[in-house]
Trainee: 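Mind having a look at this structure? Questions to follow.
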Amino acid sequence: MTGTTTTGGAGGGAGGAAWQVPAGLVEGLLGALPPARREVFALRVERWWEDLRSGLAGLHAPDVADDLAARLLRLAAGACARRPDDLHRLDQARTLRPDWFQSPRAVGYAAYTERFAGTLAGVAGRLDHLGELGVTYLHLMPLLRPREGDSDGGYAVADYRAVREDLGDVEDLRALATALRARGTSLVLDLVLNHVAREHEWARAARAGDERYRRYFHVFADRELPDAYERTLPEVFPDFASGSFTFDEELGGWVWTTFNSFQWDLDWSNPEVLAEFAEVVLFLAELGVEVLRLDAVAFLWKRMGTNCQNQPEVHSVVQVLRALTRIACPAVLLKAEAIVAPDDLVHYLGRGRHHGRVSDLAYHNTLMVQVWSSLAAQDVRLAAQALRALPTVPTTTAWITYARCHDDIGWAVSDADAAAVGLDGHAHRSFLSDWYSGAFEGSTARGLVFQENPATGDRRISGTCADLVGLTAAREALAAGTGDPRVRAELEAEVDAALARHLLAHAVVFAWGGIPVVWSGDEVAAPGDPDWAADPAHAADNRWAHRPRLDERDLAAARDPASVPGRALAGLRHLARTRAGLPHLHASVAADVLEPSDPGVLAFVRRHPLGELLCLFNVTGSWRPFPGHRVEELGLAGAVDALSGEPAPWGGDGQLWLAPWRAVWLHRPVEEVRPPAP
């Protein structure tokens, strides 16, 4: 393919430019690869070179971009040559089936290694538990070697090529990835892009006076420019890390620290930084990591007069990294960790010239927020408004959906969406914080307020699902005992209702599409960790309350089908199995949110070529109707509820009636809609 020219139309850089692979470059890189592997690599370069080169054109001058493109291609060739045969075969299989991660069979699980199973070897010993849930995607939270002491939960990385010593080593990680792959499960790891720990070798060299590494960071001799930047920069952790710059005595200057003083922001305008991370990406892919979570990706590019988030160059960086993996290791996916406004979020899955060329996956933060808002208010009108307002995303991508994650819940409710349904945005956000911290009268939630900002009134919430739906409080009240049968019956009913809310939240997540992810402990409805502050490294961060350890007692309790943990596990297992049998839930099929007929019922439709799937969710504690004529208009008059296996719950008045906190997924069995054989 010497001298091959590829064009990408509108995506081919400024003015629709064509990017040519330098003559002879590819042939010279293939080395001793077998002929078939050489040809495959050359074809990948032909396919993805334009994406690589046009992405670099959005970052650097032509001569710099040309040199960096050739350098990255050499790295890709070396990685391809080293790639083990089983991973090469996986690359081929996924190239032939590029929608592999969009399947309705996809189910995710996320955990801290030490809290889930102690060590990486311990995780390998609990794969049967994950198999019960149908897990195909396992996200282990930051496990690359962090700085000692407070490391922001592992997000202050001191070495990208080493594993935390208490969890194992690199070979343990490789062995776990291999064991997971044999079960059809992808290993997901965090790649922290925005910053490194002050103790990282690059930062150490910068502090020692090495000018090359000093240029890896944003360093200022005085406060003039930091003060100018800070006029438009929000604070991420106002409680314990105010400001965005830190003076370092050894460095002899102010360094940009968006998150914590020990997390130094990298200067991504320096091409050396991108080249360094290209090597890291390929190293992790060689170990068998299949999904890389691009942590804090929204913050990469700095521009005076902005909030330094979501700058256009961020998407060019991600496009380059994606093109690199498509050439060297196409089984690898990129996932954007961008908790930003919906209009900004869709760009991480690709808009305009980056359409379908950036991250394969992104977190659906809006869905998570609206699930909790609907349950607290027992009203879905805000949810319908916010979800309907989301721009469409490329059909080749997928959302990561979740009821909660390792992080706190920030109430990302826009004032415009709130006003559209007659709410005051600030007041509603305040209500949600009050409700989920238990401060609102009648609430049984046990969440904790995280990072209260007195200047804005912003409060975020920490807590497990069981804490937030009132299940923890209900179980404690029941366990306290009572001699009054009537009171005990009421308490048992409240446990049942809280568990129903727990499963309802996950039913929305599983029905939306994409990859639904269960946070460790929620599958057994675990309460928050009451001793979260006992570790001095965690004492100031109550998010550790919703990162409980999953021990053998939890798993033993879940083996009793009559127990709350057993019922929770059975409920999530049922959601996963039901979902796997519904082609309507392929991630390429968008969820079409319907205008609410009743403020207590969220409704959306998945319009698949095999027929419609109508998903209904009663977020209230009373029976609620859904109009029969709307069901009939969708061609679902004789539909079956996939979750119960029973006919739709019709009432005598011609309406569907949903029990309190109930989900219904209505469809016509595939054999009923399949065309007759010729």
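For this chain, numbers begin at 1 and follow the sequence in order.
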Trainee: In terms of ring plane angle, is the pair H406 and Y155 parallel, tilted or perpendicular, where the classes change at 30° and 60°?
Mentor: tilted
Trainee: Would you say the rings of W512 and H364 are close, in the sense that their centroids are separated by under 6.0 Å?
Mentor: yes
Trainee: Specify whether W544 and Y112 have parallel, tilted or perpendicular ring planes, treating 30° as the upper limit for parallel and 60° as the lower limit for perpendicular.
Mentor: tilted
Trainee: Can you confirm whether L658 sits close enough to V664 that some side-chain heavy atom of one is under 4.5 Å from a side-chain heavy atom of the other?
Mentor: yes
Trainee: Check the side chains of D190 and H139 for a donor-acceptor pair under 3.5 angstrom, ignoring hydrogens and angles.
Mentor: yes
Trainee: Are D554 and R559 within salt-bridge range, i.e. N to O under 4.0 Å?
Mentor: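 No, no charged N to carboxylate O under 4.0 Å.
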Trainee: For Y402 and Y363, take the angle between the two ring planes, folded into 0 to 90°, and tell me which bin it lands in: parallel under 30, tilted 30 to 60, perpendicular over 60.
Mentor: perpendicular
Trainee: Is there a donor-acceptor contact under 3.5 Å from the side chain of E632 to the main chain of R630?
Mentor: no
Trainee: If you draw the axis of the six-membered ring of W661, does the NZ or CZ of R501 fall within 45° of it and under 6.0 Å from the ring centre?
Mentor: yes
Trainee: For D522, is there any backbone N or O sitting under 3.5 Å from a side-chain donor or acceptor partner on H502?
Mentor: yes
Trainee: With a 4.5 Å heavy-atom cut-off, do H428 and S373 have their side chains touching?
Mentor: yes
Trainee: Can any side-chain N or O of S374 pair as donor or acceptor with the backbone N or O of Q370 at less than 3.5 Å?
Mentor: yes
Trainee: Please find the pair of heavy atoms, one from A603 and one from L616, that lie closest to each other, and give the distance.
Mentor: CB-CD2, 3.5 Å
Trainee: Quick one: are L189 and R293 in side-chain contact, heavy atoms under 4.5 Å?
Mentor: no
Trainee: Regarding D458 and R429, does a basic nitrogen lie under 4.0 Å from an acidic carboxylate oxygen?
Mentor: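 A salt bridge is absent here (no side-chain N lies under 4.0 Å from a carboxylate O).
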Trainee: Please check if the side chain of Q102 supplies one atom and the backbone of T395 the other of a donor-acceptor pair under 3.5 Å.
Mentor: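 Side chain of Q102 to backbone of T395: a pair is present.
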Trainee: Quick one: CG on L602 to CZ on F626, what's the gap to the nearest 0.5 Å?
Mentor: 10.0 Å
Trainee: Please tell me whether Y137 and Y109 form a close aromatic pair, meaning their ring centres lie under 6.0 Å apart.
Mentor: no
Trainee: Ignoring hydrogens and angles, state whether a donor on the side chain of Y436 or D467 is under 3.5 Å from an acceptor on the partner side chain.
Mentor: no
Trainee: Ignoring hydrogens and geometry, is there a side-chain-to-backbone donor-acceptor pair from H574 to L643 under 3.5 Å?
Mentor: yes
Trainee: Do the side chains of V188 and L140 get nearer than 4.5 Å, heavy atoms only?
Mentor: no
Trainee: Looking only at atom types and distance, does a side-chain atom of D592 sit under 3.5 Å from a main-chain N or O of V605, one as donor and one as acceptor?
Mentor: no
Trainee: Output yes when a side-chain donor or acceptor of D535 lies under 3.5 Å from a complementary backbone atom of A537, and no otherwise.
Mentor: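 Yes: the side chain of D535 pairs with the backbone of A537.
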Trainee: A cation-pi test, strictly: NZ or CZ of R459 under 6.0 Å from the centre of the six-membered ring of F450 and no more than 45 degrees from its axis. Yes or no?
Mentor: no
Trainee: Step through the shown structure and confirm whether more than 12 heavy atoms of other residues, nucleotides or ligands are within 6.0 Å of CZ on R553.
Mentor: no
Trainee: Take L550 and R126 through the side-chain contact (heavy atoms from CB on, under 4.5 Å) test and state the conclusion after the steps.
Mentor: CA-CA 11 Å; L550 187 71; R126 285 194 169 170; 4.2 Å; yes
Trainee: F510 and T401: side-chain contact (heavy atoms from CB on, under 4.5 Å), yes or no, with the steps?
Mentor: CA-CA 8 Å; F510 274 66; T401 60; over 6 Å; no
Trainee: Does any donor atom in the side chain of H586 or D99 lie under 3.5 Å from an acceptor atom in the other side chain?
Mentor: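 Checked: H586/D99 side chains pair up, N/O donor to acceptor below 3.5 Å.
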Trainee: May I ask you to check whether E633 and H629 show a side-chain donor-acceptor distance below 3.5 Å?
Mentor: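 Per modelled atom types, E633 and H629 side chains form a pair under 3.5 Å.
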Trainee: Should L334 and L361 count as side-chain neighbours, where that means a heavy-atom distance under 4.5 Å?
Mentor: no
Trainee: For the residue pair S433 and W411, confirm or rule out a side-chain donor-acceptor distance under 3.5 Å.
Mentor: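 Yes.
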Trainee: What's the shortest heavy-atom distance between L349 and A398, and which atoms?
Mentor: CD2-O, 4.3 Å
Trainee: Out of curiosity, N310 CG to D344 CG, how far, rounded to the nearest 0.5 Å?
Mentor: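 Going from CG on N310 over to CG on D344, the span is 4.0 Å.
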Trainee: Could you walk me through whether T397 and D360 pass side-chain hydrogen bond (donor to acceptor under 3.5 Å, both in side chains), step by step?
Mentor: CA-CA 5 Å; T397 63; D360 306 284; over 6 Å; no
Trainee: Quiz question: by atom type and distance under 3.5 Å, do the side chains of S462 and D408 form a donor-acceptor pair?
Mentor: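 Side-chain D/A pair, S462 to D408: absent.
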Trainee: Do L569 and L133 have side-chain heavy atoms sitting under 4.5 Å apart?
Mentor: yes
Trainee: Is the side chain of S437 donor-acceptor paired with the backbone N or O of V449 at a distance under 3.5 Å, no angle test?
Mentor: no
Trainee: Is there a donor-acceptor contact under 3.5 Å from the side chain of T578 to the main chain of L575?
Mentor: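 Pair absent, no side-chain N/O of T578 close to backbone of L575.
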Trainee: How long is the span from the CD atom in Q655 to the CG atom in D598, to the nearest 0.5 Å?
Mentor: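 CG of D598 is found 9.0 Å from CD of Q655.
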Trainee: Any side-chain heavy atom of L613 within less than 4.5 Å of one from L666?
Mentor: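 A side-chain contact is absent here, since even the closest heavy-atom pair is not under 4.5 Å.
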Trainee: Charged N to carboxylate O below 4.0 Å: is that the case for D529 and R549?
Mentor: no
Trainee: Give me the one residue out of R543, H546, R460 that meets side chain to side chain donor-acceptor pair (under 3.5 Å) with D407.
Mentor: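 That would be R543; it is the only one of R543, H546, R460 passing the side chain to side chain donor-acceptor pair (under 3.5 Å) with D407.
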Trainee: Could you grab the distance from atom CG of D541 to atom NE2 of H538, nearest 0.5 Å is fine?
Mentor: 8.0 Å
Trainee: So does R105 have more than 12 non-hydrogen atoms from other groups sitting under 6.0 Å from CZ?
Mentor: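 Result for CZ/R105: open.
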Trainee: Looking only at non-hydrogen atoms, find the nearest pair between A558 and V524 and report the distance.
Mentor: CB-CG1, 3.7 Å
Trainee: Could you tell me which non-hydrogen atom of I515 sits nearest to which non-hydrogen atom of G108, and how far apart they are?
Mentor: CG2-N, 3.9 Å
Trainee: Verify side-chain contact (heavy atoms from CB on, under 4.5 Å) between L382 and D417, making sure each step is shown before the conclusion.
Mentor: CA-CA 7 Å; L382 176 60; D417 284 336; 4.0 Å; yes
Trainee: Are I409 and W372 side-chain neighbours, meaning at least one heavy-atom pair lies under 4.5 Å?
Mentor: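 In short, these two side chains touch, coming nearer than 4.5 Å.
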Trainee: How long is the span from the CD atom in E523 to the CG atom in L130, to the nearest 0.5 Å?
Mentor: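 Spacing of CD (E523) from CG (L130) equals 8.0 Å.
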Trainee: Atom CZ of R606 and atom OG of S588: how far apart are they, to the nearest 0.5 Å?
Mentor: 8.5 Å
Trainee: R404 vs T464, test: side-chain hydrogen bond (donor to acceptor under 3.5 Å, both in side chains). Steps then yes/no.
Mentor: CA-CA 8 Å; R404 71 173 189 93; T464 67; 5.4 Å; no
Trainee: Evaluate the criterion side-chain contact (heavy atoms from CB on, under 4.5 Å) for residue pair L634 and R607; output intermediate values, then yes/no.
Mentor: CA-CA 10 Å; L634 292 168; R607 304 181 190 276; 3.6 Å; yes
Trainee: Please report the shortest heavy-atom distance between V340 and A298, naming the atom on each side.
Mentor: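 It is CG1-CB, 4.0 Å.
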Trainee: State plainly whether the residues E595 and R388 are in salt-bridge range, i.e. N to O under 4.0 Å.
Mentor: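 Yes, E595 and R388 are salt-bridged.
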Trainee: Quick one: does R662's side chain have a donor or acceptor within less than 3.5 Å of a partner on V619's backbone?
Mentor: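 No, because the side chain of R662 does not come within donor-acceptor range (under 3.5 Å) of the backbone of V619.
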Trainee: Closest heavy-atom contact between R475 and P565?
Mentor: NH2-CD, 3.8 Å
Trainee: Quick check on the 6.0 Å ring-centre criterion: do F617 and F604 meet it?
Mentor: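 Between F604 and F617, which both carry aromatic rings, the centre distance is below 6.0 Å.
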